[in-house]
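Only one structure is covered here, and it is reproduced in the block below.
Computed from a predicted structure; not experimentally measured. Throughout, numbering of the chain's residues begins at 1 and tracks the sequence.
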Amino acid sequence: AEAGSRVWAASEAANGATLTVLKALREDLVAEMSGMAEAAAAPLRVAVGGLAPVVTTLANPATPLPDALREAGAKVLKQLLRSGMIEEG
């Protein structure tokens, strides 16, 4: 049980760090795209949309993630959906 607890804690830390990086990357890319012509921003939109599977996994309640970041994971996923960068489905 103790080993499982350590694994869970390590997974929470790794997933939390991943979410923090993805959130910052998304914010940076969205800021860059705001001043671009649509045609120039299109490849970046595809790149941001490519983050969806990872963000979806991190937002899943079964994924080890610090409670303090659980809401942030759901928020990033909602932002991706709302922006149309990924398709609901």
Working to the nearest 0.5 Å, report the span between [atom1] of [X] and [atom2] of [Y].
| X | Y | atom1 | atom2 | result |
| --- | --- | --- | --- | --- |
| Met36 | Leu44 | CE | CG | 5.0 Å |
| Leu51 | Thr56 | CG | OG1 | 10.0 Å |
| Arg70 | Thr63 | CZ | OG1 | 6.5 Å |

Next on the checklist: Would the distance check show the side chain of Asn15 and the main-chain N or O of Pro64 forming a donor-acceptor pair, the cut-off being under 3.5 Å?
Outcome noted: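 Present.
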Looking at every non-hydrogen atom in both residues, tell me the closest pair between [X] and [Y] and how far apart they are.
| X | Y | value |
| --- | --- | --- |
| Val48 | Met33 | CG2-CE, 4.3 Å |
| Pro53 | Gly50 | CD-O, 3.3 Å |
| Glu12 | Pro66 | O-CD, 3.2 Å |

Next on the checklist: One pair to check against side-chain contact (heavy atoms from CB on, under 4.5 Å): Lys23 and Lys75. What are the steps and the verdict?
Outcome noted: CA-CA 10 Å; Lys23 185 175 180 286; Lys75 184 177 178 182; 5.7 Å; no
Checklist entry - Among all residues two or more places apart in sequence or in another chain, which pass the side chain to side chain contact (heavy atoms under 4.5 Å, CB included) test with Ala59? => result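 Leu77.
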Item to check | Neighbour count >12 (heavy atoms, 6.0 Å) for atom CD, Glu27 | outcome: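 For Glu27, atom CD is crowded (more than 12 foreign heavy atoms under 6.0 Å).
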Checklist entry - Do Leu65 and Leu25 share a hydrophobic cluster (ILVMFWY, side-chain heavy atoms under 4.5 Å, transitive)? => result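 Hydrophobic grouping puts Leu65 with Leu25.
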Checklist entry - Shared ILVMFWY cluster between Trp8 and Leu69, side chains joined below 4.5 angstrom? => result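 Hydrophobic grouping puts Trp8 apart from Leu69.
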Next on the checklist: Assess the residue pair Val76 and Leu22 against the criterion (side-chain contact (heavy atoms from CB on, under 4.5 Å)); give the C-alpha distance rounded to whole Å, side-chain angles, the decisive distance to 0.1 Å, and a yes or no.
Outcome noted: CA-CA 9 Å; Val76 171; Leu22 290 176; 5.8 Å; no
Next on the checklist: Could you tell me if the side chain of Val30 sits less than 4.5 Å from the side chain of Arg26, heavy atoms only?
Outcome noted: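 The answer is yes; the side chains approach within 4.5 Å.
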